[in-house]
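To start, the structure under review is shown below, and the notes come after it.
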Amino acid sequence: MRNNGNNLALRFWQVLVLVGMFVAWHVLTVPGIVPPFYFDDPHKAPFFFGEPLKVLSRIWDWFIGGDIYRHLGVTLIETLLAFVIGTVFGVAIGIWLALAPMASAICDPYVKALNAMPRVILAPIFFVWFGLGMASKVALGVTLVFFIVFFNVYQGVREVSPVVLANARMLGASRGQLLRYVYLPSAMSWVFASLHNSVGLAFVGAVVGEYLGSSEGVGYLIHQAEGVFDINTVFAGILVLTGFALALDMVVTLVERKLLVWQPRGGETERI
Amino acid sequence: MTPALALERITCTFVSRQDRAKRYTAVKETTLVVAPGEFVSVVGPTGCGKTTLLNIAAGLLQPSAGAVRVLGELLVGTNTKAGYLFQSDALMPWRNAIDNVTAGLEFRGIAREAARAQGEEWLKRVGLSGFGDRYPHQLSGGMRKRIALAQTLILSPQILLMDEPFAALDIQTRQLMENELLELWSADRKSVVFITHDLEEAIALADRVVVLSAGPATHPIGEYRIDLSRPRDVAEVRLTPRFLELHTEIWHAMKDEVLKGYAQQRQ
C-alpha cells in the first residue's frame, strides 16, 4: 500500500491537471482574453470548441433541473441489459462450442466473420427490426458484448487444467457436475477478467445506438444539440458520459475484487 | 482373498495423432495385484510409464489390452472405489480449502451442513484446522498436499492411488508428510499403490516394492517384500541395517534400468 501522504500529493497533481485543462480551454475560447491567432473572428473559437463555463452551467442545469436523470436512466438500463444478455449468450454458446469440437469446427469461419464485421453497421437493421426504442440499442450492445465474452469463455473452458479435471472426475463428479463445478468457474474467471471491456462496449453500443436514432438517452441529447449547432450542450453531454463511464468502471472494479478473491494478486503483504 | 486391485496383463500403446503409424508402447504385459490393506510402492526410472499404469488403474485411461479388476469386478469407466492423489496441484483454485475438501461429498449429494462438519474434522486431522477459508494460492505446497490428501480420504476410498504425491516438496516437509500418511493409513488400512522414483521413500513406506523396467514397453522386473516392523518413522527406519540391506538389494536390480532409461532420454 502506498502511504497516505503520497496518495494525497498524487490526487493534488491529478486535480491540477484537470483544472489546468479547463483554464486553457477557457482562455483559448472565450472572446477577448487572447487575440485571435487562428480564426479570423474571435467568435469562431467558441462556436467550434464551446466555452467551459457555459458547458459546466449546462451540466449544472441538467442535474439541478432534473432533466438529465431520465436520459441517464435510459442509457444505464440499455447498458445493463446489453451486458447481461450478451454475457448469458456468450457464456452459454462459448461453453457449448468449447465442449463440442465438431460444432466448433463447423461454426469457426462464421464466428470469425461475424467478429471481423464492423457491427455498428447492424444498427440500421436493428432499428427496422426492433424500432427506435430501447430494444434496438440493447441489440447493438449485445452484438458487441457477446463476442468478448464468447471468446473468453471458449478460452477459459479449453484451458481448464487437465489435472483439476481428472481430480474432479476421481472425486465422483458427473458430466453435469463437471460443467457446473469445474468448467463454469474456470470460464467465469476469464469473463470477469474481461469485465471492464465488456461493460465498456455495452455502454458504447447504447450510446451509439441512441446517437443514430432515438427519442431518449444521453446519446439522443448529444444528437439533438448537434442538430442545432449547440456545441456547448454536445460537450456537456460528452462530459456527463465520461463521468458516467468512469463511475461504471469503478463499480466493475469493486465487483471484480469481490468475485475474484481466489486469484493470487501481487503484493498481498501487510506493512506494520 | 479377492485382491483389492488387479491389473491383468495390461498393455498400453499410444498412437501419434499426426501419424497413425507412429506408436509408442508405454506399458507391456504388466500384471500387478494389490491385496486388501496392502501398501505397494512402485518404483522405476523416470519416464517409464508409472503414471500411465496408475491412470489405467484409476479408469482415466483405457488400456490397449488387458483388464483391470477392482474387488474382483471388471472396471468400466472411472474407478469409483479409488481415490487418486496427483503429482501436481489438482485442487480447484476457485474453492477455498474447506470447499475443496468437501467437494467429493458435494458431488455425492450430501447435505452442506453434514459435509462441512466432516470437512472440518478432516482439516483437523491433517493439521490445518482454521485454514478452511484460505484459497489454494494462499497455502504453501505442503499445505496444499495435505488439503488434497484430506479431499481424497474424506470419501474413504478402499483403494488409494498416489502418483509421486510428495515429489515437489522439500525433504523435511516430505518426511513429515510421509509419516502423516502412514499414520492416516494405519487407522483404516486401505490398499495403496504409491508411485515414486525415490527408492528410499518406496522402502520406508511400503509392504512390498515393485520395480519396473525402463520404458518403452515397461514391465515389472522384480518384487521385494519389505519386512520392516510397523509403526515406522520414515526418518529413523532409514538408519536400520535391514533397510540398508533391502536398499542395496533392490538398487542392485534397478541400477541397470535406471542407466538404460537415462541413456534413452539423452538420445
Side-chain angles (χ1 to χ4, degrees), chain A residues 87 91 94-95 98-99 101-102 104-105 149 152-153 155-195 255-270, chain B residues 51 54-61 77-97 99-110 115 133-139 144 147-157 159-165 168:
Chain A
T87 302
V91 168
I95 287 183
L99 294 180
M102 192 63 197
S104 158
V149 174
N152 275 292
V153 168
Q155 194 78 0
V157 170
R158 281 298 180 89
E159 294 200 358
V160 171
S161 150
V163 179
V164 171
L165 207 56
N167 190 31
R169 279 174 68 193
M170 286 310 293
L171 293 172
S174 62
R175 202 169 149 74
Q177 285 170 329
L178 282 184
L179 197 66
R180 180 170 158 207
Y181 293 105
V182 181
Y183 287 119
L184 204 58
S186 174
M188 285 324 272
S189 72
W190 285 65
V191 171
F192 293 140
S194 64
L195 216 55
V255 171
E256 199 175 47
R257 277 213 194 130
K258 203 124 192 101
L259 289 174
L260 290 182
V261 275
W262 59 269
Q263 276 189 348
R265 224 174 300 159
E268 262 179 311
T269 56
E270 180 187 32
Chain B
T51 303
L54 210 58
N55 283 341
I56 288 170
L60 292 170
L61 195 66
T78 48
N79 188 344
T80 51
K81 298 277 193 295
Y84 197 142
L85 214 59
F86 292 83
Q87 183 176 4
S88 48
D89 264 335
L91 297 176
M92 289 173 259
W94 47 83
R95 291 187 148 219
N96 60 23
D99 286 342
N100 259 299
V101 171
T102 57
L105 298 176
E106 208 174 312
F107 295 152
R108 280 163 179 69
I110 287 167
D133 58 350
R134 303 285 184 91
Y135 286 88
H137 80 268
Q138 297 168 315
L139 299 166
R144 287 204 287 268
I147 298 290
L149 197 59
Q151 184 185 50
T152 303
L153 292 179
I154 198 171
L155 300 171
S156 173
I159 303 161
L160 197 53
L161 306 171
M162 306 177 90
D163 183 10
E164 304 193 25

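The sequence lines fix the lettering, A, B, ..., with proteins before strands; numbering per chain opens at 1.
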Just verifying a value: how many Å separate B:F107 CZ and A:R180 CZ, rounded to the nearest 0.5 Å?
9.5 Å

CE of A:M188 to CH2 of B:W94: how many Å apart, nearest 0.5 Å?
12.5 Å

The reported gap from CG in A:N167 to CG in B:L85 (rounded to nearest 0.5 angstrom) is 8.0 Å

Name the region of B:D89, side chain, backbone, both or neither, that has any atom closer than 4.5 Å to a heavy atom of chain A.
backbone

A:V160 portion near chain B, given a 4.5 angstrom heavy-atom threshold
neither

Bottom line for B:E106: the part with an atom under 4.5 Å from chain A's heavy atoms is both

Pick one of side chain, backbone, both or neither for B:L91, based on which atoms fall under 4.5 Å of a heavy atom in chain A.
backbone

Contact class of B:T80 relative to chain A, heavy atoms under 4.5 angstrom
neither

Please tell me if the side chains of A:Y181 and B:R95 come closer than 4.5 Å, counting only heavy atoms from C-beta onward.
yes

One should read off an interatomic distance between B:L105 CG and A:L171 CG, to the nearest 0.5 angstrom, of 9.5 Å

Ignoring hydrogens, what is the shortest heavy-atom contact between B:N79 and A:M170? Give both atom names and the distance.
O-CE, 3.7 Å

Okay, A:S186 and chain B: the region with an atom under 4.5 Å from a heavy atom over there is both

Does any backbone or side-chain atom of B:F86 lie under 4.5 Å from a heavy atom of chain A? Answer side chain, backbone, both or neither.
side chain

